[in-house]
Amino acid sequence: MEIIHVSAECYPVAKAGGLGDVVGALPKYQCQAGHIAKVVMPMYRTKFLYENEWTVDFKGSANLGNWFFDYTIIKEPTNKLGFDLFLVDINGLLDRQKVYGYDDDTERFTAFQIAVVNWMRNWEHQPDVVHCHDHHTGLIPFMMQYCYDYQQLASVPTVFTIHNGQYQGWMGWDKSRYIPRWDLWKRGMLEWGESINPLASAVKCAGKVTTVSQSYMEELRYNSNGLEKLFEYERGKCQGILNGIDNAVWDPQTDKYLTHHFGVKDVTEGKQKNKELLCERFGLDVNKPLFVFIGRLVGEKAADILPDAIKSAVHNTQAQANFLVLGSGETQVEWAFQQMVEPYKGIFNCVIGYDETLSHLMYAGADFLLMPSRVEPCGLNQMYAMRYGTVSMVRSTGGLQDTVVDMGDTDGFGIRFNQATVGDVDYSIGRAVSVYQDQEHMKKMRQYMMQIDHSWESCVEQYINVYRSLR
Ligand code: ADP
């Protein structure tokens, strides 16, 4: 099958979170399974862009309302990532340093989607499926079906995957002029509430909708930032498929970001060496259990409760634990962590920012990974942690509850709690500190979780079945 993935992120080209990891891996494994998977994404000014050679694949022009723009589609010609990669260059709009966070993100991603559909319209053949990811690509299923200029694409099946349903790309009706001439009778297919809602539109217009875990699929029916009724109504076309992890990138035996590699057999010694590096660098005590948090410092991840939870745990365990935080996000949360560095010297440290290399060292060197998320569609961190023998401490929600078994249950290897509260996190840290005293138990849990198969190979077939069901 020929599958066209359209996404705002793709690792290692540009990544802001889990979406990038998934779109960097799924197509690669689809190609390995004998399919032709391609990725098309915006051309940002990233390191990957400058470090690689590109060829021009297509040049075109289109309109965003009254604004006429030229676009160029460039291609990475060597199949370096294991799939064909295309970048859409729109001068002045997409070629920025960051993926998101600009005032004109609506214009940027709408123009990107128009360019992609324009480009595909010019092909001599049709792909078997167009697979769109998250709201930045949510208008594509609508445009392919209801824009007069793209009628030749109306019969191409579309799949939409929700990696995060909290962000929906809302835009006012004044911006409906951006969408190329469309059938006005189909207004309802764009609308949710008072505005144009690209995520809702994709759920209505795509042939199939998938989310990145089964539990998240169910959660969306009662907690989806206003779209609960829509998910209830469209449940027939929705399916949860748990993400995999890219075992070629996330492998403690070969990880290019690590200096000390390890496997199941020497997990204790291997993790210890990585922990020593971390503790030395951040002034922490290597003899105490090391708890880490890696991620966006936002409400969804419940990062806001961590400063108080950590203070409370330090007090209740008589400082028998170390903490290291890596992330960026809401200013007040960043500030709260930064304020703790001095008073909790030797016990707590943090890095505010994005650091891929450090994140790998943290998965490798930490004893416990904290994930108190309020919302977690799939969560990749806990799966990476498992692969590196780090015990995940997760709130029972979304993909976290589909992947982590509490150590109190049969074959358990993690710690689960129910509420994103200081009390629950503090209590769970207490449990972790106790189990840490039993190093034999820790070793067994580590070895067990490292052998759990979360590879993409097992998920690829499920996606192919979704595509086939649309033919
Ligand atoms: P999200 O909701 O952010 O997509 P996921 O758990 O699905 O959460 O994926 C998060 C990915 O982003 C993981 O690969 C994680 O290691 C990475 N990540 C998040 N924040 C940072 C950071 N500050 N530095 C390095 N990597 C990060």
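Atoms within each ligand, like the ligands themselves, are counted from 1 in listed order.
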Gln253 side chain reached by Phe262 side chain, heavy atoms, under 4.5 Å: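 A side-chain contact is absent here, since even the closest heavy-atom pair is not under 4.5 Å.
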For [atom], which protein heavy atom lies nearest, and how many Å away is it?
atom                    : answer
atom 27 (C) of ligand 1 : Tyr354 CE1, 3.4 Å
atom 25 (C) of ligand 1 : Asp355 O, 3.4 Å
atom 10 (C) of ligand 1 : Asn381 OD1, 3.4 Å
atom 8 (O) of ligand 1  : Lys301 NZ, 3.0 Å
atom 20 (N) of ligand 1 : Gly295 CA, 3.4 Å

Check ligand 1 against [X] and write out every atom of the ligand that is under 4.0 Å from a heavy-atom position of the residue.
X      : value
Gly327 : 23 (N)
Tyr384 : 13 (C), 14 (O)
Gly353 : 22 (C), 23 (N)
Tyr363 : 15 (C), 16 (O)
Gly18  : 1 (P), 4 (O), 5 (P), 7 (O), 9 (O), 10 (C), 11 (C)
Arg296 : 1 (P), 2 (O), 3 (O)
Gly379 : 6 (O)

Heavy-atom count check: over 12 atoms from other residues, nucleotides or ligands less than 6.0 Å from Asp409 CG? yes
Got more than 12 heavy atoms from elsewhere within 6.0 Å of CD, Glu280?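 It does not: Glu280 CD has 12 such atoms or fewer within range.
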Asp21 contact mode with ligand 1 (heavy-atom cut-off under 4.0 Å): side chain
Under 4.0 Å, heavy atoms only, figure out whether ligand 1 is touched by the backbone of Lys15, its side chain, both or neither. side chain
Would you check whether Leu380 has a nitrogen or oxygen atom less than 3.5 angstrom from a nitrogen or oxygen atom of ligand 1? yes
side-chain contact (heavy atoms from CB on, under 4.5 Å), paired with Val404, selected from Met393, Gln382, Met371: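 Checked Met393, Gln382, Met371 against Val404; only one passes side-chain contact (heavy atoms from CB on, under 4.5 Å): Gln382.
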Please report the shortest heavy-atom distance between [X] and [Y], naming the atom on each side.
X      : Y      : answer
Val298 : Asp304 : O-OD1, 4.4 Å
Pro198 : Gly169 : CD-O, 3.1 Å
Leu227 : Ala200 : CD2-CB, 4.0 Å

Could you check whether Phe160 and His131 have their ring centres less than 6.0 Å apart?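 No, the ring centres sit 6.0 Å or more apart.
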Is the ring centre of Phe323 less than 6.0 Å from the ring centre of Phe348?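 Not close enough - the centres of the two rings lie 6.0 Å or further apart.
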Using the side-chain hydrogen bond (donor to acceptor under 3.5 Å, both in side chains) rule, take Ser328 and Glu334 through it: C-alpha gap first, then chi angles, then the decisive distance, then the call. CA-CA 7 Å; Ser328 60; Glu334 292 182 354; 4.7 Å; no
